[in-house]
Amino acid sequence: MNEQPPLIRWPVAGESRVPYSVFSREAFDEDEQRRIFLGKHWHFVCLEVEVAAPGDFKTTHIGKAPVVISRDFDGEIYGFENRCAHRGALICLENAGNARQFQCVYHAWSYDLQGTLTGVAFEKGVRGLGGMPPSFCKEEHGPRKLRVALLAGLVFASFADDVDPLDEYLGPEIVAKIERVLFKPLEVIGRFTQVLPNNWKLYAENARDTYHASLLHLFFTTFNITRLSQGGGVVISPSGGHHASASIKAPEEERGTDTAYAEQRSNQDGFRLHAPQMLDSEDEIGDGIRVQILTVFPGFVLQQIHNCIAVRQIVPTGAASMDLHWTLVGFADDSPRLREMRLMQANLVGPAGYVSMEDGAVGNFVQRGIAAAADHESVIELGGLESKSQDFRATEASIRGFWKAYRTAMEL
Ligand code: FES
Ligand SMILES: [Fe+2]
């Protein structure tokens, strides 16, 4: 056996140090594709409502692999690699649509909605000449098919046939936190893609980083949306890879309704919003949790910031680049008032969001900061050295959890 040498040696036991080379060395890219994106993991690919009717399809990526997600006429959702069995062209060029079948533009090989090769142009040749040899058998060719699993309106897919069932992969605590937010039929109310000039794992860290939220995002503290002094904590799956953080209204803020919130808006440094109704919200879930950020290893984020609910999909595009696809959702039965609130609060997120604008920049600050520091490492010790659930948020436990899952997947 030609054993490959390990890509790096992890500097210390545990996850409190992360070598910067993982964010810059191209060599990681290929290994991550194989072990993580094509490996035994589940990847969020779309919402069920995006492929609601038979024939509906959507194209997206799992890591670098282009994939098609479709609903066939049997009502089931299928997924397959968007790669023609002939010479590798994309089978489907659209972002989304409705189709009875797919046909590759290059030489017109065709596929059904499950990605099965059904037609080969001129298979029998022309007037008895040419064509495929008698040994050619369509059934032996086709793009790789995906396993698909559904949860609370989310569609996850995996290239691995032996991946654990989705609910086992996530664990009961994370499943419950997903169902807590996505508890009714969904509707897409907006979307954007943010092109980020940083390694995908820097964003995976950022989404798990309860430490920075009230420090980097001044909008949060100025308008009292989340502070580390508020109640809450982090739940981390046993694998480390998935987490959910929650911030709960502090008891002194419990003054009945969110109109109390309006009084606090201008407390800090005299800043005021010209349109304070932008922050109007209601506790629609009824448990007092104002902000819940949840991640699923490797690249999924579910966000509830007040009534602003969104899913984010991390798609690596190179060692130092990634796309972040946001889909904002509401419920199909939203009242006009609630829908309006969601859309107003959506100003917080996305490429120019009052909050996530900084997350779009800070990954690149790291990428640039570590440009010549492949032999150095980050320090991730806030809240201790472990990556277990904690009932406070001044911690980096969920980031250590991500690296625990990463090391397991990459055998580092
Ligand atoms: S590459 Fe698709 S038909 Fe030739
Ligand atoms: Fe952030």
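Numbering of ligands and ligand atoms starts at 1, following listing order.
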**Prompt:** Can an N, O or S atom be found in C104 less than 2.8 Å away from atom 2 (Fe) of ligand 1?
**Reply:** yes
**Prompt:** Is the distance from atom 2 (Fe) of ligand 1 to some N, O or S atom of H107 under 2.8 Å?
**Reply:** no
**Prompt:** Is the distance between the ring centroids of H141 and F136 less than 6.0 Å?
**Reply:** yes
**Request:** Determine the sole option in F300, F297, F37 for which the ring pair (Phe, Tyr, Trp, His ring centres under 6.0 Å) test with W200 is passed.
**Result:**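 The option that passes is F37.
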**Prompt:** Quick one: which of Y78, F102, Y111 gives a ring pair (Phe, Tyr, Trp, His ring centres under 6.0 Å) with F57?
**Reply:** F102
Which of the numbered atoms in ligand 1 are below 4.0 angstrom from a heavy atom of [X]?
X	value
W109	3 (S)
Y106	1 (S), 4 (Fe)
R87	1 (S)

**Request:** Kindly check if the number of other-residue, nucleotide or ligand heavy atoms within 6.0 Å of CG (N95) is above 12?
**Result:** no
**Asked** Is E173 atom CD crowded by more than 12 heavy atoms from other residues, nucleotides or ligands, each under 6.0 Å away?
**Response** no
**Prompt:** Closer than 2.8 Å to the Fe ion (ligand 2), which protein N, O or S atoms?
**Reply:** H212 NE2, H217 NE2, D359 OD1, D359 OD2
**Message:** Is there a side-chain contact between L113 and F73 in this structure, where contact means two heavy atoms from C-beta onward sitting under 4.5 Å apart?
**Reply:** yes
**Request:** Answer yes or no: is there a donor N or O on one side and an acceptor on the other, between the side chain of R400 and the main chain of L382, under 3.5 Å?
**Result:**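 Side chain of R400 to backbone of L382, a donor-acceptor pair under 3.5 Å: yes, one is there.
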**Request:** With R312 as the cation and F44 as the aromatic partner, state whether NZ or CZ is under 6.0 Å from the six-membered ring centre and within 45° of the axis.
**Result:** no
**Asked** Looking at H86, which of its N, O or S atoms is the nearest one to atom 4 (Fe) of ligand 1?
**Response**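 That would be atom ND1.
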**Asked** Going by an N to O cut-off under 4.0 Å, is there a salt bridge joining R342 and E187?
**Response**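 Salt bridge between R342 and E187, a charged N being under 4.0 Å from a carboxylate O: no.
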